[in-house]
Amino acid sequence: MENEVVSKNFIEQIIEKDLAEGHCDTVCTRFPPEPNGYLHIGHAKSILLNYGLAQKYNGKFNMRFDDTNPTKEKTEFVEAILADIKWLGADWEDRLFFASNYFEQMYEAAVKLIKKGKAFVCDLSADEIREYRGTLTEPGKNSPYRDRSIEENLQLFENMRNGLYKDGEKVLRAKIDMSSSNINMRDPVIYRVAHLNHHNTGDKWCIYPMYDFAHPIEDAIEGVTHSICTLEFEDHRPLYDWVVRELEYEKPPKQIEFAKLYLKNVVTGKRYIKKLVEEGNVDGWDDPRLVSIAALRRRGFTPESIKMFVELCGVSKSQSIVDYAMLEYCIREDLKLKRSRLMAVLDPVKLIIDNYPEDQMEELEIENNLENEELGKRKVPFGRELYIDREDFMENPPKKYFRLFPGNEVRLMGAYFVKCVDYKKDETGKVTEIHCTYDPETKCGSGFTGRKVKGTIHWVAARTAIPAEVRLYENLIDEEKGVYNEDGSMNLNPNSLTVLKNCWLEPNFAGAKAYDSFQFVRQGYFCVDSHDSRPDALVFNRIVSLKSSFKLPKPE
RNA sequence: UGGGCUAUCGCCAAACGGUAAGGCAACGGACUCUGACUCCGUCAUUUCCAGGUUCGAAUCCUGGUAGCCCAGCCA
């Protein structure tokens, strides 16, 4: 048995300590998105972290929508979020919850606070509350309504529920400490009046609890033991603990914060993604250049690759920006032994084998080493006229260029050696035709060892090739200039999308379906686009290119 | 300028007072019917800085510095 030392992240250490010291018997985590948008790679980290922890410690993982503010929430997002989480592989079993289903309990909890003298109804306007709150450096001052009697507060709060007040007219506030150095503790608002239709509770309520009050209650009700959130909530933890303490829960949940996942040269953050979509810079929230879960799926990333990525990134409290190359590594790693390697020509130029019989076609057998042996075997038609990629031929090759050039011999993958004897150009100097001769003795599988060639190139037989359209994606963000300008606008890369319309595939691609992914030999991994199914051509998105250690010298 | 948090290789990230793991990237080299894959090798005498405690410090103490977060009736 391998005794690989796997270090534990800081959350695992906390959990194990809690378990050992009896602070909890089992582990229960949760993923609590607000249904106000689509999930992205950052959420994937949270989902997989929470789910992974529950699995590791034989506990439970709850799915919960934190839908306490109806202004932004929609059922449409609920469905999309659930689909994404399922796709990622996190299983909440029968524990799908909505914070809005706890509104009655939250109301009771608020009443309890009022009865304890720990909450009061405040008539100050939003602006006044802000003024009374003080600043980062100056303490706040007490609201003039802070000392209302318990009876009055009880009555007023009931009136709030019964719709006697307009939006903004009154709020319920926790009575904590207006001089606290932590602004969140300066008598925070815990309930507001909002006459809004809620996606789940309809018109039943016209008061809604605030996150800081609702969240600990949700956790406590569900028996969540470790409430894992991101760093910006650290300042809220004292309030979280206050709520849980004042409400006297027997097994108080514990909030733990970790650093968000940021990716280099990628737009994260809902606000900016939304802007890109609205301004038409991308194709929609699942545009493959984005890193929403749906975009990654459409691009061809697998759940396994995302899981691997998240695990590789680790969990800590230091702000970090992960290199995109790490994500690319993960998808390559996941796909390389799983996906068939087929030949595709993205920028075709015709290659004619002068000494190959005019009308002859033959079928060659090609084998790749894949996990699944059957997937790795295939038959490919070969004939006199082929397409090869333009970059696999050069009139005047630089040093160390091993592919085709006048007089050079290379292997056509899975087929024969061919030697370039001639080529034709049009008026503009563009190569239009390459002429070769082939050596029948060098056929793949013949065991020929007479001589070696340094280059192997891919090809498709012109007569049987399938037409295709291929989309290549680059970073959305201009790397040189950085992500954002001073005015908040973004430096977009104008070449983030390239559409290649004149591509050719070997016949084994026939029948490929949406989300099917392949390795185009020598070109990288590609996925059939789920949005485009065309009668005339298959449409592919590039998932990731292959590593290449030979780069053409840049033209002067 | 109040409070909270964070600083370990280009990027993530371990190390919990016992003498700086690992991964990505990069660079060499071997292999190769994909310049892929695979395989081997190189890559922090030093942990933001300056002092101190200690036989011994990335870890403890003191004082700095830098970055992130907080003044929604958002989450």
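Order of the sequence lines fixes the chain letters, A, B, ..., with proteins taken first and strands second; residue numbering starts at 1 for each chain.
With C1' as the reference atom, rA71(B) and rG3(B) are 11 Å apart, rounded to whole Å. For the C1' atoms, the distance linking rC12(B) with rU6(B) amounts to 15 Å, nearest Å. Distance check on atom C1': rA21(B) versus rA50(B) gives 29 Å, rounded to whole Å. Atom P of rC11(B) sits at a distance of 28 Å from the matching atom of rG64(B), rounded to the whole Å. Here, rA58(B) and rC48(B) have their C1' atoms 12 Å apart, quoted to the whole Å. The separation of rC37(B) from rG28(B), taken at their P atoms, amounts to 15 Å, rounded to a whole angstrom.
At rU38(B), one or more side-chain N or O atoms of K336(A) fall inside 4.0 Å of OP1 or OP2 (strictly under the cut-off). At rA36(B), none of the side-chain N or O atoms of S548(A) fall inside 4.0 Å of OP1 or OP2 (strictly under the cut-off). Phosphate proximity of rA25(B) to K264(A): absent, as no side-chain N or O sits under 4.0 Å from OP1 or OP2. Dashed line: the shortest gap from a side-chain N or O of S320(A) to OP1 or OP2 of rC11(B) is not under 4.0 Å. Residue R403(A) places no side-chain N or O under 4.0 Å from the OP1 or OP2 atom of rG35(B). For the pair Q13(A) and rA15(B), the criterion of a side-chain N or O lying under 4.0 Å from OP1 or OP2 is met.
Taking the six-membered ring where the residue is Trp, Y240(A) and H215(A) present tilted rings, their angle falling between 30° and 60°.
Distance, M413(A) CE to rU32(B) C1': 10 Å, rounded to whole Å. Per the geometry, CZ belonging to F10(A) stands 11 Å off C1' belonging to rU6(B), to the nearest Å.
Evaluation of atom-type donor-acceptor distances gives no pair under 3.5 Å for the side chain of E257(A) against the base of rC5(B). Between the side chain of R522(A) and the base of rG35(B) there is at least one donor-acceptor pair of N/O atoms closer than 3.5 Å.
Using a 4.0 Å heavy-atom cutoff across all strands shown, F402(A) reaches at least one base atom of the nucleic acid. Among the protein residues, G445(A) comes within range of the nucleic acid bases, having at least one heavy atom under 4.0 Å from a base atom. Nucleic acid contact class of Q523(A) (heavy atoms, under 4.0 Å, all strands): none.
Pairs of residues two or more places apart, or lying in two chains, that qualify as salt bridge (charged side-chain N to carboxylate O under 4.0 Å, His left out) and include a residue from residues 437-448 of chain A are E362(A)-K443(A), D439(A)-R451(A).
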Nucleic acid footprint by protein, nucleotides 69-75 of chain B - heavy-atom cut-off 4.0 Å, B for base, S for sugar-phosphate alone: BBBSBBB
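Under the 3.5 Å distance criterion, with hydrogens and angles disregarded, no donor-acceptor pair is assigned to the side chains of S125(A) and D127(A).
In textbook terms, a nucleotide whose glycosidic angle is within 90° of 0 is syn, and rG72(B) is one such case.
In summary, R237(A) and D241(A) do not engage in a salt bridge, as defined by a charged side-chain N under 4.0 Å from a carboxylate O. Salt-bridge formation is detected for the pair D123(A)/K170(A): a Lys NZ or Arg NE/NH1/NH2 atom is positioned less than 4.0 Å from an Asp or Glu carboxylate oxygen.
Heavy-atom distances to RNA chain B give each of S316(A) and R237(A) a nearest nucleotide, and the one nearer the 5′ end belongs to R237(A).
Of all nucleotides listed (rG2(B), rC24(B), rU6(B)), rG2(B) comes nearest to the side chain of T137(A).
Helical stems in RNA chain B, defined as runs of 3 or more consecutive Watson-Crick or G-U wobble pairs with donor-acceptor distances under 3.5 Å: B:2-7 with B:65-70, B:10-12 with B:22-24, B:26-30 with B:38-42, B:48-52 with B:60-64.
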